[in-house]
Visitor: 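Provided herewith is a single structure, encoded as structure tokens, for subsequent inquiry.
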Protein chains: 2
Amino acid sequence: MKAPPNGFLANPAEGERKSINSELWHACAGPLVSLPPVGSLVVYFPQGHSEQVAASMQKETDFVPSYPNLPSKLICMLHNVTLHADPETDEVYAQMTLQPVNKYDREALLASDMGLKQSRQPAEFFCKTLTASDTSTHGGFSVPRRAAEKIFPPLDFSMQPPAQELQARDLHENPWTFRHIYRGQPKRHLLTTGWSVFVSNKRLFAGDSVLFIRDEKSQFLLGIRRANRQQPALSSSVISSDSMHIGILAAAAHAAANNSPFTIFYNPRASPSEFVVPLAKYNKAMYTQVSLGMRFRMMFETEECGVRRYMGTITGISDLDPVRWKNSQWRNLQVGWDESTAGERPTRVSIWDIEPVVTPFYICPPPFFRPRFPKQPGMPDNDNDVENAFKRAMPWLGDDFGMKDSPNSIFPVCSCSIWTLSFNGFFESIAQ
Amino acid sequence: MKAPPNGFLANPAEGERKSINSELWHACAGPLVSLPPVGSLVVYFPQGHSEQVAASMQKETDFVPSYPNLPSKLICMLHNVTLHADPETDEVYAQMTLQPVNKYDREALLASDMGLKQSRQPAEFFCKTLTASDTSTHGGFSVPRRAAEKIFPPLDFSMQPPAQELQARDLHENPWTFRHIYRGQPKRHLLTTGWSVFVSNKRLFAGDSVLFIRDEKSQFLLGIRRANRQQPALSSSVISSDSMHIGILAAAAHAAANNSPFTIFYNPRASPSEFVVPLAKYNKAMYTQVSLGMRFRMMFETEECGVRRYMGTITGISDLDPVRWKNSQWRNLQVGWDESTAGERPTRVSIWDIEPVVTPFYICPPPFFRPRFPKQPGMPDNDNDVENAFKRAMPWLGDDFGMKDSPNSIFPVCSCSIWTLSFNGFFESIAQ
DNA sequence: ATGTTGGCTAGAAGCCGACAA
DNA sequence: TTGTCGGCTTCTAGCCAACAT
């Protein structure tokens with residue numbers, strides 16, 4: 001057997017050279033994953049980043065030194081986003097270049113707001129979880145009728161039986177060809193020749209999903225989503241997980257100190273740690289007044305590639321890691337769920353993850369004019385209140401203070417560590 | 001097809017739970033790889049470590065901040081060594097726990113000296129590079145006659161044809177069974193049934209090697225060595241290579257500042273970066289006076305799992321990275337090779353990698369009494385001379401100064417950053 | 001001594017409709 | 001509408017010695 005030119009797969013570095021199809025990437029990433037747009041403002045949580053690394057390594061870190069100069073969140077400009085897919089496993093991930101900022105202008109804030117609306121799941125899309133029959137060597141793939149009719153090129157039904165050759169490209173642009181035939185009693189769409197090669201090459205098993213899309217250029221593409229069961233089981237072998245954690249924190253701390261850009265990888269399917277949050281989303285969430293017993297809804301991906309909301313109740317508010325990440329808002333809400341079915345749901349979430357079921361009174365009173373929030377048990381009641389109030393107010397300042405006509409006006413915001421400085425600067429800019 | 005319980009392979013975490021057979025590990029690692037013994041002293045080169053990461057990532061790092069507090073070498077106590085093998089690829093690597101030390105005692109130094117002698121390549125060992133026929137689906141594996149006679153259990157030649165079932169375990173203790181038969185015209189040893197399963201499971205290709213050993217308990221084991229062509233192509237997807245580099249340096253710097261232990265992975269086949277060097281080996285190399293034009297020999301692994309020496313000449317002496325790692329001895333020798341055949345050899349090596357071809361005059365004059373070395377072009381001629389002279393002297397101090405009877409006497413040595421302090425301490429300890 | 005090839009065969013892969021949920 | 005199965009066919013994996021180097 002001849003060796004492939006470079007490693008196990010035919011073109012391992014290909015995913016790196018070519019740019020990845022964005023629609024296919026999002027289809028593989030799932031309906032809940034949305035990436036903030038380039039040029040927008042985001043909030044970066046080192047704690048969440050650390051959590052993703054721990055999940056990827058399947059190992060909690062024994063010891064990570066505290067980084068006293070690294071705040072629990074950094075407001076950053078998102079300079080660059082590139083989409084990637086692991087050449088071995090097709091796992092999707094994104095590389096982002098972030099630059100901590102002390103001030104930002106209104107355009108960037110608006111751009112950040114944009115990020116909230118777009119849902120990137122392609123319209124011409126279908127996804128099927130593979131059955132035992134689909135993955136057995138005994139036969140082919142049974143195509144759901146609707147899917148074949150909506151996505152596949154139409155068959156010539158004058159043929160007996162109607163059949164055609166299908167070609168679709170994956171995330172790495174590798175083409176896969178299948179024989180698509182409409183036969184059986186009752187009639188059905190099937191993929192036969194070529195299918196098993198795909199299954200074994202991608203190492204798919206019953207429970208994994210395959211998806212077909214037709215992108216905006218009406219190209220026919222296919223991708224996979226693996227069942228959560230399959231962790232990539234990276235035991236690294238390159239650097240220790242301790243050094244990884246230190247590296248992440250040191251890189252962020254260095255960037256924060258110098259306002260220099262740094263690079264992170266966001267791996268949406270490795271762990272549910274959305275540690276780069278659009279600033280607008282974060283700000284919007286800061287309007288929410290949380291309290292024990294509060295009811296909320298939260299979106300989850302279903303087995304069948306859809307989404308559904310589950311109801312829950314806030315049962316506690318406390319720091320996830322009171323030692324290293326004091327007063328962080330990262331997953332500081334303890335929650336219970338109405339349905340205790342399978343498919344575990346997290347016991348801790350962040351405020352921007354949930355959709356509160358609120359009484360109208362609490363939403364959107366004009367900032368600075370609404371009554372001060374009552375103290376909340378379990379919430380830090382130190383001077384962070386001031387900071388929170390400030391941040392809650394931010395997204396609306398441009399409108400409320402009639403700055404619509406001065407789009408270039410710069411007004412500063414803070415990263416926590418230099419709060420005092422920026423806060424003073426803030427009032428100066430208002431006063432001018 | 002049913003999914004394996006956890007990922008692609010049957011027991012991905014198994015290599016982590018069970019301890020790896022040391023002889024098999026070393027057989028897979030190759031004849032040039034030797035690990036310093038636990039409890040010995042080693043010299044750790046962050047620069048070399050960084051190099052290994054760059055090689056593993058197949059990416060030079062654009063930007064790594066300087067770590068001014070991190071010396072280019074750290075003398076460390078080696079506390080722990082665990083052997084590992086990647087569950088996916090069987091790539092061998094070692095995890096080491098190092099603790100920077102300012103002082104060390106004579107026992108540790110002697111232990112470090114031990115490390116030099118042991119060659120861990122098992123005696124009952126054979127290794128064959130796979131041919132196209134060996135890896136094709138058309139047939140089995142042609143066993144070299146000598147190998148079968150030396151390592152395999154003897155066949156019953158009264159049978160027609162002589163045959164038996166062979167069982168061997170790999171690094172993860174997974175058993176593999178093969179039909180071993182002696183047949184054909186002319187007669188030969190073959191592995192038939194079971195062989196192709198092994199080849200496809202381990203994803204072996206022509207050019208890769210398979211090796212069989214019989215360990216000290218006379219267990220029959222097998223392992224693989226992949227051709228260098230196949231890089232693991234880790235594009236990480238977890239953390240950026242920048243953060244990795246920073247993580248490595250930050251972890252080492254933190255450990256150096258606190259004399260606290262830190263953990264590294266040494267991946268001998270990923271790159272030829274032996275960045276953890278036994279102190280005795282380092283000290284011994286410090287005796288070598290290098291000069292332009294000096295002739296030397298150096299060992300390399302051959303295609304056929306053996307070793308051979310190549311002759312070369314020193315063509316330059318300079319820092320590999322004069323900015324970040326000034327006066328580091330890491331690969332500061334530029335070299336040319338007598339044979340310019342294929343199988344590239346490095347253009348830069350470290351002094352402890354080579355065996356100088358020296359005139360007797362230069363070796364082992366009594367330290368402190370020999371004439372001062374002439375200035376060397378291209379070598380730093382600053383106060384590092386003093387340091388080098390001191391370090392050259394170290395391994396012999398115990399004997400030369402009659403300290404044989406005081407095994408507990410502590411005498412300090414330095415890491416570069418605290419040179420002055422330690423150097424003073426050194427004379428104090430001599431004086432007492 | 002051992003790599004490659006053609007011939008042969010057993011068994012797996014894979015196409016099909018029947019049947020059932 | 002679609003998952004699984006028994007029946008049947010095709011093709012590849014894989015055993016063998018011949019032949020070549």
Side-chain angles (χ1 to χ4, degrees), chain A residues 1-2 126-150 152 159-166 177-201 204-210 303-304, chain B residues 1-2 126-150 152 159-166 177-201 204-210 303-304:
Chain A
M1 186 179 291
K2 209 170 129 240
F126 91 89
C127 174
K128 183 194 175 188
T129 300
L130 300 177
T131 66
S133 297
D134 289 330
T135 51
S136 90
T137 57
H138 190 61
F141 173 67
S142 185
V143 187
R145 179 187 203 84
R146 295 249 206 101
E149 289 170 355
K150 187 167 138 203
F152 287 6
M159 295 171 71
Q160 254 341 298
Q164 64 182 337
E165 187 178 80
L166 271 187
T177 59
F178 307 103
R179 178 173 167 81
H180 169 205
I181 191 167
Y182 185 72
R183 63 161 172 81
Q185 198 47 253
K187 294 271 178 280
R188 78 200 54 195
H189 292 271
L190 296 164
L191 297 186
T192 58
T193 312
W195 172 251
S196 71
V197 184
F198 178 76
V199 168
S200 64
N201 230 293
L204 296 173
F205 302 99
D208 295 337
S209 302
V210 64
E303 289 256 336
E304 290 302 322
Chain B
M1 186 179 290
K2 210 169 128 240
F126 91 89
C127 175
K128 183 195 175 187
T129 301
L130 299 178
T131 66
S133 298
D134 289 330
T135 51
S136 90
T137 57
H138 190 62
F141 174 67
S142 185
V143 187
R145 180 187 201 83
R146 294 247 209 102
E149 289 170 355
K150 187 166 138 202
F152 287 6
M159 294 171 70
Q160 252 345 295
Q164 66 181 335
E165 186 178 81
L166 270 187
T177 58
F178 307 103
R179 178 172 165 83
H180 169 206
I181 191 166
Y182 185 72
R183 63 162 171 80
Q185 200 47 256
K187 292 273 178 279
R188 75 199 55 194
H189 291 272
L190 296 164
L191 297 186
T192 59
T193 312
W195 171 253
S196 71
V197 184
F198 178 74
V199 167
S200 64
N201 230 293
L204 296 173
F205 302 99
D208 296 336
S209 302
V210 65
E303 287 257 336
E304 290 301 324

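Naming: A, B, ... by sequence-line order, numbering from 1 per chain. Keep in mind it's a predicted model, so treat the numbers as computed, not measured.
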Visitor: Could you tell me the separation between the CG atom of A/L191 and the P atom of C/dG14, rounded to a whole number of Å?
Guide: 14 Å

Visitor: Which two nucleotides bound the region of DNA chain D that has atoms under 4.0 Å from heavy atoms of chain A, read 5' to 3'?
Guide: D/dT1 to D/dG7

Visitor: In Å and rounded to the nearest 0.5 Å, what is the OG1 to CG distance from B/T177 to B/L191?
Guide: 10.5 Å

Visitor: Atom NE2 of A/H138 and atom P of C/dG17: how far apart are they, to the nearest Å?
Guide: 13 Å

Visitor: Taking the axis from the first five pairs and the axis from the last five, what angle separates them in the helix from C/dA1-D/dT21 to C/dA21-D/dT1, rounded to 10 degrees?
Guide: 30°

Visitor: Are A/F152 and A/H189 an aromatic pair, judged by ring center distance below 6.0 Å?
Guide: no

Visitor: Return the minimal non-hydrogen interatomic distance between B/S209 and B/C127, and the atom names on each side.
Guide: CB-SG, 3.9 Å

Visitor: Closest-nucleotide mapping onto DNA chain D: is B/G194 or A/V143 further toward the 5' terminus? I mean the 5' end.
Guide: A/V143

Visitor: Working to the nearest 0.5 angstrom, can you tell me the gap between B/R179 CZ and B/E165 CD?
Guide: 9.5 Å

Visitor: When you measure from the side-chain N and O atoms of A/R183 to the phosphate of C/dC15, is any distance below 4.0 Å, counting only OP1 and OP2?
Guide: no

Visitor: Show, in sequence, the C-alpha distance, side-chain angles and deciding distance for A/Y182 and A/Q164, and conclude whether the side chain to side chain contact (heavy atoms under 4.5 Å, CB included) test is met.
Guide: CA-CA 9 Å; A/Y182 185 72; A/Q164 64 182 337; over 6 Å; no

Visitor: Where do B/S142 and B/L190 come nearest, in terms of heavy atoms and distance?
Guide: CA-CD2, 3.8 Å

Visitor: Does A/T137 put a side-chain nitrogen or oxygen below 4.0 Å from OP1 or OP2 of C/dG14?
Guide: no

Visitor: Whole angstroms only, please: what is the CZ-C1' distance between B/F126 and C/dT2?
Guide: 13 Å

Visitor: Once the angle between the rings of A/F198 and A/F178 is folded into 0 to 90°, is it parallel (under 30°), tilted (30 to 60°) or perpendicular (over 60°)?
Guide: perpendicular

Visitor: Which atom pair, heavy atoms only, marks the closest approach of A/W195 to A/G140?
Guide: CD1-C, 3.7 Å

Visitor: In whole Å, what is the span from the CZ atom of B/R179 to the P atom of C/dA10?
Guide: 15 Å

Visitor: C/dG14, OP1 or OP2 - any side-chain N/O from A/S196 closer than 4.0 Å?
Guide: yes

Visitor: Between C1' on C/dT4 and CG on B/L130, what's the gap in Å once rounded to a whole number?
Guide: 15 Å

Visitor: Report all interatomic pairs (protein N or O, nucleotide N or O of nucleotides 19-21 of chain C) with separations under 3.5 Å.
Guide:
residue: C/dC19; atom: N4; partner: A/R188; partner atom: NH2; Å: 3.4

Visitor: Specify the separation, in whole Å, of atom NE2 of B/H189 and atom C1' of C/dT2.
Guide: 12 Å

Visitor: Can you check the A/F141 CZ to C/dA13 C1' distance for me, whole Å?
Guide: 19 Å

Visitor: Ignoring hydrogens and geometry, is there a side-chain-to-backbone donor-acceptor pair from B/K187 to B/G184 under 3.5 Å?
Guide: yes

Visitor: Can you see if the side chain of A/T193 gets near the phosphate of C/dC15 - specifically, an N or O under 4.0 Å from OP1 or OP2?
Guide: yes

Visitor: Nearest 0.5 Å please: distance from the OG1 atom of A/T135 over to the CG atom of A/L204.
Guide: 8.5 Å

